[in-house]
K.L.:
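This structure is in structure tokens; I'll ask about it shortly.
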Amino acid sequence: MFPILGKKKYSPTIKMAASSSAGRVLTLCKQFQNVFRISSSINTQHCSTTLIKYQPRLYREKSPLAALSWYSPASSVGQCRALHTTINRRGLEEFFDLPENWGETNVKSGAPWTAKQLRTKSNEDLHKLWYVLLKEKNLLLTLEQEARRQRVQMPSPERSRKVERSMIRLETVVKERETALRLLQTGQEKARPGAWRRNVFGYVYWYRFKEYAIPWHMNRRYKRKRFFTPKFVQPHIRLRIEKHLREKARKATLEKKTQSKLKEKFPRVKVSAS
Amino acid sequence: MRLTALLSMAARVVIPKDYRFGTNRPWTPAAKRLNPPGKKRRKVFVEPIAPEDWSVLRGDTVEILKGKDKGKHGKVIQVFRHRNWVMLEGLNTHYRYIGKTGDYRGTYIASEAPILLHDVALIDPSDRKPTDVEWKFTEEGERVRVSLRTGRIIPKPIVERRDGIVPQQWKDGLKDTSPEDTLEKTYVPSLKTLEEEVMEKLGIQEKRRPQRSYWY
């Protein structure tokens, strides 16, 4: 069920994917480009909503009754504009914006994805969205670099910030899910192993483990690290503690003084809520 | 990682504890000129108002109770929470020259001065007089400002966004996801990590075993 012209040229690559595992990565990227649903259970006849899905940005309208309008007035209501209508020239055009936006100083863009919206999406959708966002980020970075080269202001720099924020939120959501699963299955709070260790200066801190190919007793550089405090450091620790206590006392007195001064200057009359 | 941290430190403006906030934002050159890093000025005491008690919002019409323009109504353009200031449009102005170069004295403009929150009061829309305002909850559970004298609800002012977008009139671009797609729920909770699920869907089978590694 592929009603639109854009989809036809990708079907051979999907068949190729089944046979060759080498070209798998390439076909994966192509699949994400086209933003297919891997489980094709969805009816693709409503092309206006399904094809252009999981685009980098979104803007939620307050009234769902507002109609969607398209960039090019020439396209009819039943037809959707695919991301590229010409033959894919090695995909380099994905690094550049749509030709209509070339040379414009203001390109309008929607709002970034929020964490609340991302939490309702499945893992597969998040995976696809990540790559869509990544490609948009690359597009904006090339645009920024080219603008720097031409010594011209980049059009709408807030787009990069929006994409960055969306990606950060996506990562947060994925990490949340991973943490929940890990807590449930193993009870470990942290993904990366570590331990509380004391360093040479007397501080106890959370030391995060690193991954090595050889065990610790064969690692010469690791053995030179000292996770204990020598005895001659003790007087310095005591002086440090004294300094810390003095600072705390100073802060407390300062806080008390400011509070008394504020009370004197602003005799606040508390009005009880009726 | 350290390099990026350094760069971000250079980009971000550090505000010391005894920074005296003015009308300019701390990262602007004007603010940097007025508050260079080494300066120390007499401390200003600002009445602490809790964030939930703040009743004057940007775009509200308020009346000035004290000062040069006493009794006048004005629209709030800017709110400075750190000094409890409110900037009104065209009121409480003083005149100055701007853009002075060489012999040319510059343009004579009227620039507004900020007013303390204590010296303004919100206007009741029913009788157009200044009132005290309290935050209360409606029947639906919405938090609104209620005037203490008449009991009328003062609605929240409609402010234009800085980028000029009006949400009701927004039309999705080519790269924007439609509202239905955004709000569609596709998440099915399962005991699989993202990697496992995606590998299953794509039919990737990882038969290799990881090499022995040590964590310490």
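Below, chains carry the letters A, B, ... as their sequence lines are ordered, and counting in each starts from 1.
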K.L.:
Among A:I214, A:N219, A:V174, single out the residue with the greatest number of heavy-atom pairs under 4.5 Å to chain B.
P.N.:
A:I214
K.L.:
For chain B, which candidate among A:L262, A:T120, A:T258 shows the most heavy-atom pairs at distances under 4.5 Å?
P.N.:
A:T120
K.L.:
Heavy atoms, side chains only, cut-off 4.5 Å: are B:V159 and B:R58 in contact?
P.N.:
yes
K.L.:
Check the side chains of B:E197 and B:S190 for a donor-acceptor pair under 3.5 angstrom, ignoring hydrogens and angles.
P.N.:
yes
K.L.:
Looking at A:Y212, A:Y207, A:W216, A:Y222, which makes the most heavy-atom pairs under 4.5 Å with chain B?
P.N.:
A:Y212
K.L.:
Checking B:V62 against B:V76 for the side-chain contact (heavy atoms from CB on, under 4.5 Å) test, could you report, in this order, the C-alpha distance in whole Å, the side-chain angles of both residues, the deciding distance, and whether it holds?
P.N.:
CA-CA 7 Å; B:V62 292; B:V76 174; 3.9 Å; yes
K.L.:
At their closest point, which heavy atom of B:I15 faces which heavy atom of B:F21, and how far apart are they?
P.N.:
CG2-CZ, 4.0 Å
K.L.:
Give, as side chain, backbone, both or neither, the part of B:P189 having an atom under 4.5 angstrom from any heavy atom of chain A.
P.N.:
neither
K.L.:
So what's closer than 4.5 Å to chain A heavy atoms on B:K43: side chain, backbone, both or neither?
P.N.:
side chain
K.L.:
If you count heavy-atom pairs under 4.5 Å between each of A:Q185, A:R192, A:K265, A:E178 and chain B, which one has the most?
P.N.:
A:K265
K.L.:
Using non-hydrogen atoms only, which part of A:P215 is less than 4.5 Å away from chain B: side chain, backbone, both, or neither?
P.N.:
both
K.L.:
Non-hydrogen atoms of chain B under 4.5 Å away: do they reach the side chain of A:L184, the backbone, both or neither?
P.N.:
side chain
K.L.:
When you compare the side chains of A:S109 and A:K162, does any donor N or O come within less than 3.5 Å of an acceptor on the partner?
P.N.:
yes
K.L.:
Ignoring hydrogens and geometry beyond distance, is a side-chain donor-acceptor pair present between B:T131 and B:D124 at under 3.5 Å?
P.N.:
no
